[in-house]
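These notes are about the structure you will find just below.
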Amino acid sequence: MTTETHRSAARLGPRGWLILITLCGATFMTGLDYSIITVALPEIGRDLGFSSASALQWVATACLLPTAALMPLFGRASDMIGRRRLFIVGVVTFTVFSLLAGLAPSPGLLVAARVGQGVAAAMIGPTALALMTAAFPEGPQRTRALGVNGALLSLGFVIGTIGGGLITSGLNWRWTMLMLFGIGLLVLLGAITVVRESAGRGRTRLDVPGAILASGGLFALVYGISTGDRAGWGSAPTLATLLAAAALLGAFLAVEARHAAPLIPLRLLRRPTVKWGMTVALVTFGMCGGATLLLSIYMQDVLGYSPLETGLGFLGEGVAALLAGTLAARLIGARGTVTTVVTGLTVQALGTAAMVFLPAEGGPVLLLATSATMGFGHVLTVVAAITTITSGLDEADQGVAGSLAQMPTFIGAVGVAGLTAIVAARTEALAPATTEALATLGGLHTAFLVAGGVALLGAVAGGTLLRRANTGRAAEHSTGRPAERSLAA
């Protein structure tokens, strides 16, 4: 396919762009929510009188937990009751609870509103992605749409950190939630007027045991990861929570293997493009998310940046994310998803590993360059991974596929926890022989090297496994064998 032919095939048209803006606006809104509230936490604590830092942390955690736990449930529910319908319900719910959060007079009501936002985000995530894959046929159009979506997801973090600092400094933290309320109204208008219902609705009954086990297992897993650093990874509560997560998720897989209409069909999880695409996504989200958090620590604890200056320090990553989102579709069209995955993770690895040269003073150009390189590779990988996961599936499975494609975003917190543990251990080892700032910098350098190494390993292993998966799909199409039979063999 020539470049001009590919561009022509990738054109979305006016209505296509309106649909894409609406769906991307919804995912941008939920991504913006997490970063913007994180920047505003100190002022929230002072304004509402939270009793401790651990209690204040629940403002962020209360939204994250229900999103991760309920996403598989709503992914399957959208396939059954209609994706547009559930998407609209999610947008309305998120918008209402954003208003309630902005007006909350006490810590308890704010945390409750954040739980509501998290439930709504679990509805929006898989339905927005499923509606996107339904609106744009598999090929250049869908890849371009996913590229825009991936760029805006990453940009949401940057805008959230900068906007959170500006709003809390110039106005009040409540305006962060009221801004989300305004965005929600615009997304709702687009959802009602331009988004159409997708085909593929099923009439099967909901797998209640699977829903309970999956939600409980994911809740325990994300909770254990989120609180393990504060409680201690070897503490009894953390170990009990992670063991409970393993037991619940193991029971979930056993139940799904015997259920006539499972919440997540195991044939999807056994599909090579799905399982290896999710593995690649887990690597890129875990290492990029962890490195981004460490960059925030570097800018504030080593360089002494203010929250606003820290947000501006991520501008390079945000600009690179936009550029990668626009180029991802062209690269996938020209070279394929496997080459894009390998390229993206390799670039991410190089940018992350180069952070070992970040100095104790100055160095803004190196900071912007390395974070931009990492962000560029990350977005390329995300777009290619989601394209891989959602390609070649029946329309009736796109809701579930949407939830699976987004699960690495939350489970990737394992990478964040691992890298912060490396920083803590190395910093403690260096502390007796140097200053606090230099000890912290030494710990950060070690973690950056590890993150770069893991990303590079992911590029090699992911590329090999995905090539084998694509070879298997090509052989399956040429012989006419069903996917399930081929995978079983």
Just how far is it from atom CG of Leu248 to atom CG of Leu253, taken to the nearest 0.5 Å?
11.5 Å
CA sep, side-chain torsions, deciding dist, call: Met287, Thr352, side-chain contact (heavy atoms from CB on, under 4.5 Å)
CA-CA 9 Å; Met287 294 305 99; Thr352 309; over 6 Å; no
Decide yes or no on side-chain hydrogen bond (donor to acceptor under 3.5 Å, both in side chains) for Ser235 and Thr238, but give the supporting numbers first.
CA-CA 5 Å; Ser235 65; Thr238 301; 3.1 Å; yes
Ile297 versus Asp301: any side-chain heavy-atom pair under 4.5 Å?
yes
So among Val302, Leu444, Leu295, which one has a side-chain contact (heavy atoms from CB on, under 4.5 Å) with Leu358?
Leu295
Regarding Thr343 and Thr340, do their side chains bring together a donor and an acceptor under 3.5 Å, going by distance alone?
no
Is there side-chain contact between Arg271 and Ile389, with at least one heavy-atom pair below 4.5 Å?
no
Closest non-hydrogen atom pair, Ala135 against Ile19:
CB-CG2, 4.1 Å
Drop me the distance from Thr370's OG1 to Met355's CE, to the nearest 0.5 angstrom.
4.0 Å
Using side-chain contact (heavy atoms from CB on, under 4.5 Å), reason through Leu380 and Leu331 one step at a time and then give a plain yes or no.
CA-CA 9 Å; Leu380 283 183; Leu331 183 58; 4.3 Å; yes
Does Met29 form a side-chain contact (heavy atoms from CB on, under 4.5 Å) with Ile124? I'd like the steps, not just the answer.
CA-CA 10 Å; Met29 173 177 69; Ile124 292 171; 4.1 Å; yes
Which pair of non-hydrogen atoms, one from Leu430 and one from Thr434, has the smallest distance, and what is that distance?
O-CG2, 3.3 Å
I'd like to know if the side chain of Arg114 reaches the main chain of Cys63, judged simply by a donor and an acceptor atom lying under 3.5 Å from each other, with no hydrogens or angles considered.
no
State, without any angle test, whether Gln300 and Ser296 hold a side-chain donor-acceptor pair at a distance under 3.5 Å.
yes
Gly75 backbone acceptor or donor facing Ser78 side chain under 3.5 Å:
yes
From Cys288 SG over to Gln348 CD, what is the distance, rounded to the nearest 0.5 angstrom?
5.0 Å
Separation of Thr464 OG1 from Trp276 CH2 (nearest 0.5 Å)
11.0 Å
Answer yes or no: is there a side-chain heavy-atom contact under 4.5 Å between Leu293 and Thr420?
yes
Closest contact, heavy atoms only, Phe376 versus Ala320
CD1-O, 3.6 Å
Compare all side-chain heavy atoms of Val280 with those of Lys275 and state whether any distance is below 4.5 angstrom.
no
Taking every heavy atom of Thr388 against every heavy atom of Thr273, the minimum-distance pair comes out as CG2-O, 3.4 Å
Is any side-chain heavy atom of Leu129 closer than 4.5 Å to one of Pro126?
no
In this structure, is the centre-to-centre distance between the rings of His378 and Phe285 below 6.0 Å?
yes
Quick one: does any side-chain atom of Thr284 pair with a main-chain N or O of Ala281 as donor and acceptor, under 3.5 Å?
no
Counting C-beta onward and ignoring hydrogens, is there a side-chain heavy-atom pair between Leu419 and Phe448 closer than 4.5 Å?
no
Within the distance-only criterion (no hydrogens, no angle test), does the side chain of Ser371 pair as donor or acceptor with the backbone N or O of Leu368 below 3.5 angstrom?
yes
Identified side-chain contact (heavy atoms from CB on, under 4.5 Å) counterpart of Leu345 within the set Val460, Leu457, Thr381
Thr381
Can you name the closest pair of heavy atoms from Ala245 and Leu221 and give their distance?
CB-N, 3.5 Å
List the steps, then state whether side-chain contact (heavy atoms from CB on, under 4.5 Å) holds for Thr127 with Phe74.
CA-CA 8 Å; Thr127 52; Phe74 288 128; 6.0 Å; no
Show the nearest heavy-atom pair for residues Ala69 and Leu218, with the distance to one decimal.
CA-CB, 3.9 Å
At what distance, to the nearest 0.5 angstrom, does OH of Tyr223 lie from OG1 of Thr241?
6.0 Å
I want to check something: taking the side chain as every heavy atom from C-beta on, are Thr446 and Val423 in contact at a cut-off of under 4.5 Å?
no
Looking at side-chain heavy atoms only, is the closest gap between Met123 and Val119 below 4.5 Å?
yes
d(Thr435 OG1, Leu441 CG) to nearest 0.5 Å is 9.0 Å
